[in-house]
Amino acid sequence: MDSTNRQVAEKLHSMGELLELTGQNVFKVRAYYRAADVVERLPSAVTKCDERSLEQVGGIGVNIARKIMEIKDTGSFRELEELKAAIPASLIELLELDGIGPRTAHTLWQKLGIESIEDLERAARGNRIRAVRGFGEKKEEKFLKSISSFRQRSDRMNRLEAEEVISRVTEVLLPTTFEVAGSYRRGKSTIGDIDIVTTEPAALLNPKLRTVAEEIIDEGEKKTSLRCQNKRVDVRFTSPSRFGSMLLYLTGSKAFNIRMREIALNNGYKLNEYGIEDRSHGNLNTFATEEELFSFLGIEYIVPELREDWGEIEAATTHSLPNLVATGDIRGDLHVHSNWSDGSLSLVELSGIGEKMGYEYIVCSDHSKTLGIARGLDEEALERQAHEIEVINRDASCRLVHGIEVDILADGSLGLPAHILADLDIVIASVHSSFGQEKDIMTRRVLSAVDSDDVDIIGHPTGRIIGRRKPYEIDLSRVIERASDTGTALECNASPYRLDLDDVYIRESMKTGVKISIGTDSHGAEEFEHMRFGVSVIRRGWGTPEGVINTYSLSDLLEWAS
DNA sequence: GCCGTTTTCGGCCCGACTGTTTTCAGTCG
């Protein structure tokens, strides 16, 4: 059995859920959840690790390491299968409902025989739940509401969708009194809910929030939760003098917060969203900014994108945080389409937009002719395009670089012959077809493009489209390893629908010295500003200016590519 | 179940809000 890290993580996560339902020690439960998280973020395959080296990974001990070995051999592990046999599978889906945790699910199951969402709905409608001690009429209503919102629930948002919800909610907030926190602020590629910190008093803001909410989940003096555009929004109220600690708390991540609080404890302090309390005399130190709070703890400031308990806290205490790439370092966009293929802008317009963005260059990378749907270019069209680019570049401040996005065909060959590719300045090779190939075939297909002397960049290496298409099966650690041998760059496609490569693989690329290129894959004028999404993801992957070829000058870029 | 320049046993982040209670358990972030 060759399980992926995601599959192993799912097994460990299920174990955590089942243990919760049986009322096991919460710390044991948390250990499984934590191990699942760790496994999912590990760039190399756990099933290729041996037991000893697994035990060295933080959050994985002797027991869980043994279980991972068992998954490797058999696809699962005995304890998990035993629990699965004892607990109805549909009971787990009750945990998906808002307001139902393991205790509630367990009680409903034991007292009323409720094993599924449908059972719960019937029982609530029949007013049978209020008979159980600890439950009442309100609970029945709440369960029915949770079921209804569960049924119309949508997946995590991409960053553009998140920004729509944010603008809807913040239109009722006073400008300059708030900041958006949570995973949005950490630059994640997908967003679950929206978190906002504000200094506007609850008494003033709560009535205004009601006007933009489809539902108020709960409302208080310190915190209000609502649903807007079918997404959960959490608002925390604070004062300017305590803004820093609240922003830190609400930005997370959860794992980061836990680690920070542990560190505070070890130094005789207690950290919460109101400040840092000295445990010896109970004084509360408050912080208007996050910078002051970090400084109080004697830790270097950690930018939101790094706050994942992914080694950044250790790096901050030893002053070894990476120098992260920033939008200001970006000198050009390395992947855009013109109206020569499926884009909407002319070459002159591309150059004009590049100038407005303050870029030195833009790589015009239209599709090759094999991609039927995108009106791809053939040899003759490319020659004419080269000529037009040359003319435009004579008096343009932003230079067009002549590139192409060539297809990696199902057999690993490229959509255009080598002699044509050799004439182009930058060649991006991407998979646009046969997404269903099995992992080893797909991996070797992409590896053969990496091996090609003509290919400079592998475009959107996993092919995912957020919310629409899963990544294709591919062993990226092999691709990264080979790219490091050949000097091929991997793309971080900055489209908010792709963000591909994502942070974990950016980090792995940086470690192995593989260069990253950021391309917006723009097909129209409004997409060029998506560069910022790509930069955030690279920062999350500890990306430095040296590791990102968009920071090169035009001459350095061309020399790198030649 | 994990983990350790205080510990190999005994801890494990901290607080808001709700509903059902007469003081708190459960859920959530």
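Each chain gets a letter, A, B and so on, in the order the sequences are listed, and its residues count up from 1. Just so you know, these numbers come straight off a predicted model, no measurement behind them. Because only heavy atoms are used, hydrogens play no part in the values below, and waters and symmetry mates are left out as well, while side chains stay in.
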Item to complete: Could you check whether A/Gly59 gets within reach of a base, just the sugar-phosphate, or nothing at all, counting any heavy atom under 4.0 Å?
Response: sugar-phosphate
Worksheet item: Across all strands, who's sitting opposite B/dC14 as a Watson-Crick or G-U wobble pair, both distances under 3.5 Å?
Response: B/dG29
Item to complete: Mind checking A/Asn257 for me? I need base, sugar-phosphate or nothing, with any heavy atom below 4.0 Å counting as a touch.
Response: nothing
Worksheet item: In whole Å, what separates the C1' atom of B/dT8 from that of B/dC2?
Response: 12 Å
Discussion item. Taking only the P atom of each, what is the distance from B/dC13 to B/dT21 in whole angstrom?
Written reply: 31 Å
Worksheet item: Is the A/Phe287 ring parallel, tilted or perpendicular to the A/Phe296 ring (thresholds 30°, 60°)?
Response: perpendicular
Worksheet, complete the sentence: The residue among A/Leu209, A/Val233, A/Ile166 that forms side chain to side chain contact (heavy atoms under 4.5 Å, CB included) with A/Cys228 is A/Val233
Worksheet item: Hey, which of these two, A/Gly58 or A/Tyr274, hits DNA chain B nearer its 5' end, going by closest nucleotide?
Response: A/Gly58
Fill in: Minimum side-chain heavy-atom gap A/Leu324-A/Thr544 below 4.5 Å
no
Item to complete: Mind running side-chain contact (heavy atoms from CB on, under 4.5 Å) on A/Val537 and A/Asp502 for me, showing each step along the way?
Response: CA-CA 6 Å; A/Val537 166; A/Asp502 211 340; 3.8 Å; yes
Fill in: 5'-most by nearest nucleotide on DNA chain B - A/Val62 or A/Asp193
A/Val62
Item to complete: Assign A/Leu97 to base, sugar-phosphate, or nothing according to its heavy-atom contacts below 4.0 angstrom with the strands shown.
Response: sugar-phosphate
Worksheet item: Which is the 5'-most and which the 3'-most nucleotide of DNA chain B that has an atom under 4.0 Å from a heavy atom of chain A?
Response: B/dG1 to B/dG29
Worksheet item: Under 4.0 angstrom, heavy atoms only, what part of the nucleic acid is A/Asp195 near: base, sugar-phosphate, or nothing?
Response: sugar-phosphate
Practice prompt. Mind jotting down which residue pairs meet the ring-ring contact (aromatic ring centres under 6.0 Å, His included) criterion with at least one end in residues 5-44 of chain A? Sequence neighbours excluded, please.
Written response: A/His13-A/Tyr33
Worksheet item: Of all heavy-atom pairs between A/Cys492 and A/Ile506, which one has the smallest distance, and what is that distance?
Response: CB-CD1, 4.0 Å
Worksheet item: When rounded to the nearest Å, what value does the distance between C1' atoms of B/dG19 and B/dG11 take?
Response: 32 Å
Practice prompt. Determine the interatomic distance between C1' on B/dC12 and the same-named atom on B/dT7; round to the nearest Å.
Written response: 13 Å
Worksheet entry | Separation of the C1' atoms in B/dT23 and B/dT18, to the nearest angstrom | 15 Å
Worksheet item: When we call it a touch if two heavy atoms are under 4.0 Å apart, what does A/Glu277 touch: a base, just sugar-phosphate, or nothing?
Response: nothing
Item to complete: Assign A/Lys139 to base, sugar-phosphate, or nothing according to its heavy-atom contacts below 4.0 angstrom with the strands shown.
Response: sugar-phosphate
Worksheet item: Is it true that the side chains of A/Ser76 and A/Glu81 contain a donor and an acceptor less than 3.5 Å apart?
Response: yes
Practice prompt. Name the nucleic acid region contacted by A/Arg259, choosing base, sugar-phosphate or nothing; use a 4.0 angstrom heavy-atom cut-off, strictly under.
Written response: nothing
Practice prompt. Check the pair A/Arg464 / A/Lys470 against side-chain contact (heavy atoms from CB on, under 4.5 Å), numbers first and verdict last.
Written response: CA-CA 5 Å; A/Arg464 77 157 172 190; A/Lys470 281 177 164 296; over 6 Å; no
Worksheet item: Looking for any heavy atom pair under 4.0 Å, which part of the strands does A/Arg66 touch: base, sugar-phosphate only, or nothing?
Response: nothing
Worksheet item: P atom, B/dC17 versus B/dT22: distance in rounded Å?
Response: 23 Å
Worksheet item: When all nucleic acid strands are considered with a 4.0 Å heavy-atom cut-off, which category describes A/Leu265: base, sugar-phosphate, or nothing?
Response: sugar-phosphate
